[in-house]
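A short worksheet on the structure shown next.
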Amino acid sequence: MPEAEVDPPLLSNADLATIFHEIGDMLEVKGELVFKTVAYHRAADAIAHEPVELARLYREGNPPKVAGVGQAISDKLAELSRTGRLDFYDRLVAEVPAGLLGLLRVPGVGPKTVRILYESLGIDGLDELRRAAQAGRLRTVKGLSEKTEASILAGIASLETRSNRMLLGVAEALVDGLVAELSTIPGVSRVEPAGSYRRRRETIGDLDLLAETTDAGVLVQHFSGLPGVERVLGAGAHKAAIRLSGGPQVDLMIMPPGEAGTYLIHFTGSKDHNIRLLGIARERGWSLSEKGYLRLAEEAEPVIRGTDARSTAPELRTFSTEEEAYAFLGLPFIEPELREDRGEIEAAQAGTLPSLIRLVDLRGDLHSHSDWSDGVHSIEQMAEAARARGHAYQVLTDHTRSLAIARGLTPDRVRLQRAVVAQLNTRFEREEADGRAPAATPDEGFRLLHGCELEIRADATLDYDDDLLAQYDVVVASVHVGRSQTREQLTQRVLAAIRSPYVDVIAHPAGRKVQGRDDLNLDWDLVFAEAARTGTALEMNGSDHRLDLADQRARRAIATGCLLALDSDAHRIEEFRHLEWAVGQARRAWVEPAMVLNTRSRAELLAWVAGKATRLAARG
DNA sequence: GCCGTTTTCGGCCCGACTGTTTTCAGTCG
């Protein structure tokens with residue numbers, strides 16, 4: 001047979017990360033040096049977070065430097081990118097039974113235990129482990145007992161019922177409830193959420209809470225007995241952990257009053273950020289843990305002292321605030337959303353940390369729906385709710401004709417809707433004049449702006465003609481159908497929308513769903529470049545199941561010079577809170593107010609919209 | 001396996017809790 005040289009399909013960064021995580025797991029079970037396994041996991045995380053498509057760059061012979069990827073892993077990446085396979089990985093898979101990796105997921109079972117179970121009882125899967133534990137065979141192994149058996153059975157059960165990582169909305173509801181409950185316990189003066197929730201990561205695994213109290217025993221006892229507790233995972237003098245039924249694990253840490261600074265830093269993380277801080281502390285002769293900074297011991301004295309040499313406790317420095325704790329290292333305060341070791345330490349040292357956008361910087365919202373298409377509340381209800389938030393504008397962007405499933409508007413309905421909007425604005429204007437409505441700012445009251453969420457059709461045409469589009473205040477365009485087209489087709493569709501003089505914003509550009517659907521296969525470099533060139537804003541959609549653009553992509557977009565829009569995509573009045581999550585995600589992307597279209601006043605926004613149409617139309 | 005304005009070798013975060021033990025190992029965050 002003639003050998004046709006066909007390139008194997010490109011592996012995504014997520015595929016590559018999975019492979020290296022599995023390598024790390026297999027090496028752990030094999031009993032390989034811990035630091036080597038950690039190196040693989042670290043590299044896998046770095047690969048997963050890379051905003052560029054690594055396999056493609058490797059194949060083009062232009063691999064970027066990735067932190068945590070050295071020569072050995074880089075060679076493996078090259079092999080995977082070129083051939084789609086990795087000999088080293090295949091050999092490991094042949095050597096380590098697949099079921100062993102599943103055992104690692106059981107809480108309380110680590111690589112050492114997996115190894116012992118396999119070598120002494122031949123257990124290489126979850127079902128076998130369960131049967132062996134139920135039959136009381138684990139206790140026959142040296143180092144394991146009846147108690148271990150019970151805890152492994154409980155671990156398997158919780159693994160099977162455990163929900164995945166939570167979306168922000170779910171986490172927020174739980175955190176609010178827990179903080180409210182714990183705050184009422186006698187002696188408790190303060191309860192603070194920490195962890196990935198405080199860093200506003202897009203999904204949350206465990207919840208971390210920090211508390212100040214004068215009576216740790218009472219707090220831990222109440223905490224362990226909260227309604228909804230399925231199991232108490234641990235309860236000590238300084239910390240406790242519970243699992244909520246059908247929900248996440250909640251860790252509670254108790255802080256001595258007045259020493260919150262390093263506790264907040266330690267338990268907010270991320271781990272990588274903390275490791276960097278520790279490194280800086282060590283350079284200065286201090287160790288760092290949640291308890292504070294501990295003076296490192298001097299080098300051992302070579303001279304043998306008499307028996308009267310007294311060892312005194314090393315000096316401990318504690319701080320009541322994070323600002324002070326960072327200042328001890330010569331650093332300014334670093335916002336929680338930045339603490340991922342993605343350059344924030346260097347920026348802090350250089351004095352170039354960004355002034356992150358805040359919710360109060362937003363003057364309006366460019367994307368929302370009403371019951372005219374697939375929203376729940378009426379135009380008036382949505383407008384009233386937006387006005388109550390103190391905004392200067394809300395853009396009503398119901399779906400367009402071809403998105404029939406969302407009751408997209410026909411051109412006739414569009415004209416009717418415009419009249420409704422105009423009527424409402426007349427009332428708002430009158431109420432302001434009468435002093436009956438709160439002005440959003442001293443110089444600008446609230447107006448509902450008329451827009452649409454314009455469908456970018458599968459054939460790369462837009463859903464309405466230019467004459468109709470020209471009548472809108474603001475147009476956001478997005479892809480809903482034909483998601484599985486080729487990279488070239490999808491990219492051309494988005495570029496066509498970006499190049500329209502009448503499209504102002506590309507909504508949820510990646511078309512992703514958190515934990516549900518991958519990003520559209522777009523040539524992002526091209527999309528960002530064209531958006532920057534034409535002055536088309538890219539949306540950071542705040543819905544907690546979208547969060548699109550995601551943080552790393554958005555960071556790349558602003559590096560290319562793109563303007564962003566932070567939107568709620570509210571389909572009901574409660575969903576205006578999505579703006580808070582859009583802001584959280586934007587802060588994780590190092591976004592400053594000037595990079596965001598809807599931090600501008602209404603007059604500035606409308607001038608900008610008119611500017612794009614004029615500029616591009618003049619260019620032909 | 002990665003990494004280096006004090007290192008190309010020798011480090012790689014620290015501490016609480018739990019369980020099986022008479023001083024510690026494994027796991028977790």
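Sequence lines set the chain letters: A, B, ... in the order given, protein chains first and strands last, and positions in each chain run from 1.
- Looking at A:Tyr58 and A:Ser74, their side chains do bring a donor and an acceptor atom within 3.5 Å of each other.
- For A:Ile73, whose side chain is taken as the heavy atoms from C-beta onward, the closest listed nucleotide among B:dG1, B:dC14, B:dG19 is B:dG1.
- A salt bridge links A:Asp127 with A:Arg130; the closest basic N to acidic carboxylate O contact falls under 4.0 Å.
- Taking the charged nitrogens against the carboxylate oxygens, A:Glu28 and A:Lys36 have no contact shorter than 4.0 Å, which rules out a salt bridge.
- For B:dC17 and B:dC12, the C1' atoms lie 24 Å apart once the distance is rounded to whole Å.
- Protein atom OH of A:Tyr40 is 13 Å distant from nucleotide atom P of B:dC3, rounded to whole Å.
- At the phosphate of B:dC12, OP1 or OP2 sits under 4.0 Å from a side-chain N or O atom of A:Arg282.
- With DNA chain B read from its 5' end, the first of the two nearest nucleotides for A:Gln71 and A:Met253 is the one closest to A:Gln71.
- Straight-line distance between the C1' atoms of B:dT8 and B:dC3: roughly 9 Å, to the nearest whole Å.
- With a 6.0 Å cutoff to the six-membered ring centre and a 45° limit on the axis angle, A:Arg200 counts as a cation-pi contact of A:Tyr197.
- Between B:dT23 and B:dG19, the two C1' atoms lie 14 Å apart (nearest whole Å).
- A:Asp551 has a carboxylate O that lies under 4.0 Å from a charged side-chain N of A:Arg342, or vice versa, which qualifies the two as a salt bridge.
- Judged purely by distance below 3.5 Å, without hydrogens or angles, the side chains of A:Asp15 and A:Ser12 pair a donor atom with an acceptor atom.
- Considering only side-chain atoms of A:Lys76, the nucleotide from B:dT27, B:dG1, B:dG29 that sits closest is B:dG1.
- The nucleotide whose nearest atom lies closest to any side-chain atom of A:Leu33 is, among B:dT27, B:dC12, B:dA16, B:dC12.
- A:Val38 comes within 4.0 angstrom of nothing in the nucleic acid, heavy atoms only.
- Summarising the geometry, the separation between CG on A:Leu294 and P on B:dC13 is reported as 17 Å, rounded to the nearest angstrom.
- Nucleic acid contact for A:Gly143: sugar-phosphate only, since backbone atoms but no base atoms lie under 4.0 Å from a heavy atom of the residue.
- When only modelled atom types and interatomic distance are considered, A:Glu324 and A:Thr321 share a side-chain donor-acceptor pair under 3.5 Å.
- To the nearest angstrom, C1' of B:dG1 lies 14 Å from CG of A:Leu92.
- B:dT6 and B:dC2 have their P atoms separated by 23 Å, given to the nearest Å.
- Each of A:Phe88 and A:Lys142 was matched to the nucleotide of DNA chain B holding its nearest heavy atom; the match closer to the 5' end belongs to A:Phe88.
- Across all strands shown, A:Val109 has heavy atoms under 4.0 Å from sugar-phosphate atoms exclusively, and none from any base.
- Backbone-only contact: A:Ala235 has heavy atoms under 4.0 Å from sugar-phosphate atoms and none from a base.
- In terms of phosphate contacts, A:Lys65 brings a side-chain nitrogen or oxygen within less than 4.0 Å of OP1 or OP2 of B:dC3.
- When distances are taken from the side chain of A:Leu278 to each of B:dT27, B:dC2, B:dC14, the shortest belongs to B:dC14.
- Rounded to whole angstrom, the span from the CZ atom of A:Arg105 across to the P atom of B:dC28 amounts to 13 Å.
- Rounding to whole angstrom units, CD of residue A:Glu149 and C1' of B:dT18 are separated by 17 Å.
- Among the protein residues, A:Ala241 comes within range of no part of the nucleic acid, since none of its heavy atoms lies under 4.0 Å from any strand.
- Regarding A:Leu104, its CG atom lies at a distance of 12 Å from the C1' atom of B:dT27, rounded to whole Å.
- For B:dC28, the OP1/OP2 oxygens have no side-chain nitrogen or oxygen of A:Gln249 closer than 4.0 Å.
- For the P atoms, the distance from B:dT27 to B:dT21 is 15 Å, rounded to whole Å.
- Backbone-only engagement by A:Thr148 is indicated by non-hydrogen atom pairs under 4.0 Å involving sugar-phosphate atoms exclusively.
- Under 4.0 angstrom from either OP1 or OP2 of B:dG19 there lies no side-chain N or O belonging to A:Ser151.
- Atom CZ in A:Arg284 sits roughly 17 Å away from atom P in B:dT5 (whole-Å rounding).
- As rounded to whole Å, 12 Å separates atom P of B:dG19 from atom CD1 of A:Ile152.
- Only A:Lys271, A:Ile275, listed by number, bring a heavy atom of residues 263-277 of chain A to less than 4.0 angstrom from any atom of DNA chain B.
- Remark: B:dT8 base-pairs with no nucleotide in the shown strands. Criterion, Watson-Crick or G-U wobble with two distances under 3.5 Å.
- Comparing B:dT5 with B:dG1, their P atoms sit 23 Å apart, to the nearest whole Å.
- Among the nucleotides B:dG15, B:dG19, B:dT27, the one closest to the side chain of A:Lys112 is B:dT27.
- At the phosphate of B:dA16, OP1 or OP2 sits under 4.0 Å from a side-chain N or O atom of A:Lys291.
- For A:Asp206, counting side-chain heavy atoms from C-beta on, the closest listed nucleotide (B:dG19, B:dC12, B:dG29) is B:dG29.
- In this structure a side-chain-to-backbone donor-acceptor pair under 3.5 Å is present from A:Arg588 to A:Arg199.
- The residues A:Arg556 and A:Asp525 are annotated as salt-bridged, a charged nitrogen and a carboxylate oxygen being separated by less than 4.0 angstrom.
- With both ends at atom C1', the span from B:dC28 to B:dC13 equals 13 Å, rounded to whole Å.
- Because its NZ or CZ atom is not both nearer than 6.0 Å to the ring centre of A:Tyr89 and within 45° of the ring axis, A:Lys76 does not count as a cation-pi partner of that residue.
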